[in-house]
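Convention: sequence-line order gives letters A, B, ...; per-chain numbering from 1.
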Amino acid sequence: MPVNEGFVPKIQVFEPHRASLPPLIPYLKEFWTRRAFASELARFGDKAEYLDSRLGKVWLVLNPLLLGMVYYLVVTIIRPGGSVSGMTRLDHLLIGLFTFYFAQNCVTAGALSITSGGRLILNQAFPRALLPFSSAIQAFQQFLPTIPVYIFVLLAGKWAYPTTIVPGWTWNFLWIPFILICTGLTGFGLALVFATLNVYFRDTTKLLTYITRIWMYLSPVLWLPSSLRGNMKILLWINPLGPVLNATSRVWVSGESLTQPVVLGCILWAVASIVIGGYFFISRERDFAIRL
Amino acid sequence: MPDDLAIRIENLSITYKVSLEAKRTMKNALMRASLKQKERTRIIEAVKGLTLDVPHGSVLGIVGSNGAGKSTLMRCIAGILSPTEGRVVVNGKISTLLALGVGFNPALSGRDNIILGGLASGLNMDEIAEKTDEIAEFAALPDGFIDLPVRTYSSGMYGRLSFAVAVSMTPDILLLDEALSAGDAAFKEKSFERMRQLCAEARTILIVSHALATVTDLCDTAIWMHKGAMVAKGKPEEIVDGYLKFLNVGSLPSNYEDM
């Protein structure tokens, strides 16, 4: 009973290579046919992570909620008052934070996926991009429980402060899958870059801790996109997560549609991250087994 | 490549550069750059000019001391490492058992790890579902252990489960590196039986082993590797005899230069 019949060619030839891409079509077909490996690795990784915890998967909800409360306190103490109501600011902060952490978890877990998957890489042949892809799936699985948390906070806010503006049902919510796909692709693309760098320089993940912190302060999470003036507005475009976080705030908090530049910004960053990250990673992945 | 060959290796060399630094970091790279120093490295010639044909249905044993390049050769045939020179042509689907428990997560149950190990080996979910009971039965775990975390297993149980997952694939070509050392005498006999069954199904098997009896019992051909080169190829008994003499005397056969 052959394995992966129809995808991996029956005759395989292994020859010397330079830092160039392997034949992409067989690579992508193999990646696609083994996607269950990435999703199950993510599912079991999640299961193992919370197996010994008394609260188990409740932490998936508690973590972002507590984090949101901490940042809300920080933001309201630093910048009390202002033209935006407290509840609107909390809604923006929570959904921005959850979306940012989805992308951040893709990047940080993905960056470690190759160096921590040494035994797999040394002993099995498979498209190495499956490991950061698995981290991206796991980050998405950890993001999903934050959606009901956000909706709960939104409704609780409306109940406690009836003047709070809560968007009713609108077709603009159909932009949400688009935003999440762009966030996931951007995070996965950046994970490919950092996973490769981490193979060559093992202190990359230490540096990443500071990069992600600065990245969050430069992203429209703790501040509203509308608060930027003049040249500072460029922050929304040069930041890979700028357009998706801007879009997140517009759709989730205000129920507004997306403007054409925001849609284009989301697509461009997602495509650029995947293309650049993919090239950087796939052209070097045949060296990983030697460098681990 | 002729149809009767499973593997053709042509003038294969695998060389790699290892850093002599304890850890490669950005900090060290920046410091070296500022001092205009080069990284201290060492070139390792793991495999040197190896040429070999392996016909379909044969069982090839590979013997040699530590550092002979046996595992590097296996990884290259599996497509894990790339050649530096020459080429490897493989005709058929490969399954590898180069280390025990690859893809396993010690916190998860045996049943979960069968899924993870099976997917890592290239099986799909339907095939794994179909084979889970068969794998558990082959691994001969005590009652109830299949649903316990594998960190609670003895090393023998762990090895048996890993081996059972790897041989469940019935691949065209199976690469084994010291895997037959898993389990007790009874399990070894069962493993041998499974190997013979795979051979009877015209599968090709490559075995790296320090247990020389394994090579003489199971293989129909053997090669002896020393410092990356193939010293000899022939009948397993002759190769093992030559290798044992070398271990006792410490000198290579006179025809080494010709190989």
Review point. What part of A:L130 is in contact with chain B, defined as an atom under 4.5 angstrom from a non-hydrogen atom: side chain, backbone, both or neither?
Key: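 Interface part for A:L130: neither.
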Exercise for review: Check whether A:F288 gets within reach of chain B through its side chain, its backbone, both or neither, counting any heavy atom under 4.5 Å.
Suggested key: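 Answer is neither: A:F288 stays 4.5 Å or more from chain B.
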Considering only heavy atoms, which portion of [X] lies under 4.5 Å from any heavy atom of chain A: side chain, backbone, both, or neither?
| X | result |
| --- | --- |
| B:N105 | side chain |
| B:I80 | both |
| B:T84 | backbone |
| B:I77 | backbone |
| B:A29 | side chain |
| B:R75 | side chain |

Is [X] atom [atom1] crowded by more than 12 heavy atoms from other residues, nucleotides or ligands, each under 6.0 Å away?
| X | atom1 | result |
| --- | --- | --- |
| A:I147 | CD1 | yes |
| A:R213 | CZ | no |
| A:I25 | CD1 | no |
| A:F133 | CZ | no |
| B:E137 | CD | no |
| A:W237 | CH2 | yes |
| A:L24 | CG | yes |

Looking at [atom1] of [X] and [atom2] of [Y], how far apart are the two atoms once the value is rounded to the nearest 0.5 Å?
| X | Y | atom1 | atom2 | value |
| --- | --- | --- | --- | --- |
| B:K23 | A:D203 | NZ | CG | 8.0 Å |
| B:Y16 | A:R291 | OH | CZ | 12.5 Å |
| A:Q12 | B:I7 | CD | CD1 | 11.0 Å |
| B:R24 | A:R202 | CZ | CZ | 9.0 Å |

Check your understanding: Does A:R34 use its side chain to pair, donor to acceptor, with the backbone of B:A120 at less than 3.5 Å?
Key ->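 Side chain of A:R34 to backbone of B:A120: a pair is present.
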Check your understanding: Side chain of B:S82, backbone of A:P16: donor and acceptor closer than 3.5 Å?
Key ->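 No: the side chain of B:S82 does not pair with the backbone of A:P16.
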Does the side chain of [X] reach to within under 4.5 Å of the side chain of [Y], using non-hydrogen atoms?
| X | Y | result |
| --- | --- | --- |
| B:V88 | A:V13 | no |
| A:L41 | B:L116 | yes |
| A:K47 | B:D112 | yes |

**Study point:** For A:A48 against B:A107, the heavy-atom pair lying closest together
**Key:**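 Looks like CB-CB, 4.1 Å.
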Review point. Any idea which heavy atoms bring A:A36 and B:L119 closest together, and the distance?
Key: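 Nearest pair, atom of A:A36 first, then B:L119: O-CD1, 3.8 Å.
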Check your understanding: Taking every heavy-atom pair that is under 4.5 Å apart, which of B:P149, B:S19, B:A46, B:G101 has the most such pairs with chain A?
Key ->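 Top option by heavy-atom pairs under 4.5 Å: B:G101.
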Exercise for review: Please report the C-alpha distance between B:I115 and A:F44 in whole Å, then the side-chain angles of each, then the deciding distance to 0.1 Å, and finally whether the side-chain contact (heavy atoms from CB on, under 4.5 Å) criterion is met.
Suggested key: CA-CA 10 Å; B:I115 298 175; A:F44 284 121; 3.9 Å; yes
Exercise for review: Please lay out, stage by stage, how B:L81 and A:I290 fare under the test side-chain contact (heavy atoms from CB on, under 4.5 Å).
Suggested key: CA-CA 7 Å; B:L81 289 173; A:I290 289 171; 3.5 Å; yes
Check your understanding: So which of A:L122, A:I121, A:N198 has the largest heavy-atom pair count under 4.5 angstrom toward chain B?
Key ->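 If we count pairs closer than 4.5 Å to chain B, A:L122 comes out on top.
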Check your understanding: What do the steps show when you test B:M26 against A:K206 for side-chain contact (heavy atoms from CB on, under 4.5 Å), and what is the final call?
Key -> CA-CA 10 Å; B:M26 245 180 236; A:K206 278 187 187 170; over 6 Å; no
